[in-house]
Amino acid sequence: MRGGVRVASVLVRHELALLAAIVRWVGRRVHGVGEGRRAFGYARGQGAMMFGFGFVCVVETIALSVLLRGFPLLHQVFLVLDLYTILIVVGLHAASVTRPHVLSDTALRLRRFAAVDVCVPLASVAAVRREFRMTHEKREGELDLVVGAQTSLAVELAEPVTYLTFFGRPRTVRLVRFHADEPDVLVAELRQALTRA
């Protein structure tokens with residue numbers, strides 16, 4: 001019973017974070033980027049896919065409205081579910097835009113949507129490289145933050161970093177692959193930050 005309540009609270013928190021991301025997106029505010037920090041976006045890598053998914057959801061909403069017009073109760077239930085689905089799709093894209101990767105003088109913060117947030121201390125970074133991948137296998141000690149079915153960078157760690165998974169379980173990684181819209185710029189700035197650290 002307690003596990004079900006925990007899962008439900010995690011899902012509710014996540015959906016509230018997506019709704020907050022929409023508000024941030026409308027207000028053109030970015031999360032976690034302050035003085036002395038540089039943001040690196042990753043939303044362009046999935047923009048077309050998210051637009052396509054949203055378009056399909058809108059078409060489905062219209063089609064179901066037409067098909068269920070003779071069943072008012074069923075029509076209302078499916079209309080609410082479809083509109084909520086569209087809202088979540090918009091929230092996922094808004095979270096990608098407003099929660100970019102962030103580089104500071106001491107850490108690299110890697111994120112994906114509102115679900116993953118990994119803080120990598122620069123002192124733990126052994127190497128950073130461009131590494132374009134379209135296929136990813138789950139391996140122990142590796143984290144793939146896939147965006148639009150791709151990653152474009154890899155960060156190897158000299159010592160493992162622990163982060164919390166979506167459901168709050170601690171997981172330790174030694175290699176993180178992720179995507180950035182401007183991978184060359186991020187690699188150059190990260191290497192400079194590593195020489196200063």
Side-chain angles (χ1 to χ4, degrees), residues 1-33 39-102 109-118 133-139 142-152 163-171 176-181:
M1 178 69 168
R2 221 184 300 166
V5 170
R6 187 174 62 83
V7 168
S9 71
V10 167
L11 292 173
V12 168
R13 270 198 319 261
H14 179 256
E15 295 196 9
L16 289 174
L18 294 181
L19 297 177
I22 294 172
V23 172
R24 262 194 221 99
W25 192 31
V26 170
R28 297 182 180 266
R29 290 182 292 130
V30 181
H31 179 270
V33 180
F40 292 92
Y42 54 89
R44 266 187 301 189
Q46 68 185 13
M49 181 183 72
M50 296 302 283
F51 177 78
F53 191 52
F55 179 74
V56 168
C57 290
V58 169
V59 169
E60 180 199 24
T61 302
I62 295 167
L64 280 176
S65 290
V66 170
L67 290 172
L68 298 175
R69 67 180 177 265
F71 306 93
L73 180 61
L74 210 51
H75 174 263
Q76 299 235 336
V77 169
F78 274 95
L79 182 63
V80 169
L81 289 174
D82 284 341
L83 292 175
Y84 190 70
T85 301
I86 293 168
L87 187 66
I88 293 302
V89 170
V90 172
L92 287 170
H93 184 66
S96 296
V97 173
T98 61
R99 299 173 64 86
H101 306 310
V102 179
R109 189 175 182 183
L110 301 172
R111 304 191 274 191
R112 190 180 72 174
F113 303 126
V116 181
D117 195 335
V118 183
R133 281 190 177 213
M134 294 290 285
T135 58
H136 302 85
E137 295 178 22
K138 276 197 156 193
R139 291 192 177 129
E142 295 182 7
L143 174 62
D144 296 318
L145 301 177
V146 181
V147 173
Q150 66 183 337
T151 56
S152 54
Y163 77 100
L164 297 178
T165 64
F166 183 77
F167 288 109
R169 294 186 184 97
R171 184 168 174 229
V176 182
R177 291 185 192 91
F178 62 101
H179 177 71
D181 293 335

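Fair warning: this is a prediction, and the values are worked out from it, not measured in the lab. Numbering of residues begins at 1 and proceeds along the displayed sequence.
- Contact detail for P100 and V33: the closest heavy-atom pair is CG-CG2, 4.1 Å.
- Considering only residues two or more places apart in sequence or on other chains, T85 meets the side chain to side chain contact (heavy atoms under 4.5 Å, CB included) condition with C57.
- In this structure, the ring pair (Phe, Tyr, Trp, His ring centres under 6.0 Å) partners of F166, at least two apart in sequence or on a different chain, are H14.
- If you take CG on L64 and NE2 on H75, they are separated by 8.5 Å, rounding to the nearest 0.5 Å.
- A donor-acceptor pair is defined here as one N or O able to donate and one able to accept, closer than 3.5 Å; no such pair exists between the side chain of R13 and the backbone of V10.
- Distance check, rounded to the nearest 0.5 Å: CG of L87 to CG of L18 gives 8.5 Å.
- Annotation for V89 and M50: closest pair O-CE, 3.6 Å, computed over non-hydrogen atoms.
- Summarising the geometry of R29 relative to V23, their closest heavy-atom pair is NH2-CG1, 4.0 Å, with the distance given to 0.1 Å.
- Residues forming a side chain to side chain donor-acceptor pair (under 3.5 Å) with H179 (at least two apart in sequence, or on another chain): S152.
- When every heavy atom of A17 is checked against every heavy atom of A114, the shortest pair comes out as CB-CB, 3.9 Å.
- Take D181 and apply the salt bridge (charged side-chain N to carboxylate O under 4.0 Å, His left out) test, not counting sequence neighbours, and it matches R44.
- Of the candidates V116, T98, V102, R111 forms a side-chain contact (heavy atoms from CB on, under 4.5 Å) with just one, namely V102.
- L164 is linked by a side chain to side chain contact (heavy atoms under 4.5 Å, CB included) to P170, counting only residues two or more places apart in sequence or in another chain.
- The salt bridge (charged side-chain N to carboxylate O under 4.0 Å, His left out) pairs that include a residue from residues 78-101 are R99-D117, where partners are two or more places apart or lie in different chains.
- Note that CG of L110 is 5.0 Å distant from CZ of F178, once rounded to the nearest 0.5 Å.
- Nearest approach of H93 to G47, heavy atoms of both residues: CE1-CA, 4.1 Å.
- Under the side chain to side chain contact (heavy atoms under 4.5 Å, CB included) criterion, R171 pairs with L143, Y163, T165, V173, sequence neighbours left out.
- Here the side chains of V147 and S96 are not in contact, with every heavy-atom distance at 4.5 Å or above.
- Side-chain contact between R24 and V97: absent, with no pair of heavy atoms (C-beta onward) separated by less than 4.5 Å.
- You'll find the side chain of W25 reaches within 4.5 Å of the side chain of V90, heavy atoms only.
- The minimum heavy-atom distance between G148 and Q46, with the atom names listed, is N-CB, 4.0 Å.
- Applying the ring pair (Phe, Tyr, Trp, His ring centres under 6.0 Å) criterion to Y42, with sequence neighbours excluded, gives H101.
- Side-chain contact between K138 and D144 is absent, with no heavy-atom pair separated by less than 4.5 Å.
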Could you go step by step and tell me if L145 and T151 meet the side chain to side chain contact (heavy atoms under 4.5 Å, CB included) rule? CA-CA 7 Å; L145 301 177; T151 56; 5.7 Å; no
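- Residues that satisfy the salt bridge (charged side-chain N to carboxylate O under 4.0 Å, His left out) test with E142, not counting sequence neighbours, are R177.
- In this structure, CD1 on I88 lies 12.0 Å from CG on L83, to the nearest 0.5 angstrom.
- Looking at residues two or more places apart in sequence or on another chain, you find a salt bridge (charged side-chain N to carboxylate O under 4.0 Å, His left out) between R133 and E131.
- Within 6.0 Å of CZ on F51 lie no more than 12 heavy atoms contributed by other residues, nucleotides or ligands.
- A search for salt bridge (charged side-chain N to carboxylate O under 4.0 Å, His left out) contacts involving R139 returns E137, not counting sequence neighbours.
- Scored by the side chain to side chain contact (heavy atoms under 4.5 Å, CB included) test, V58 finds I62, I86 as partners (sequence neighbours excluded).
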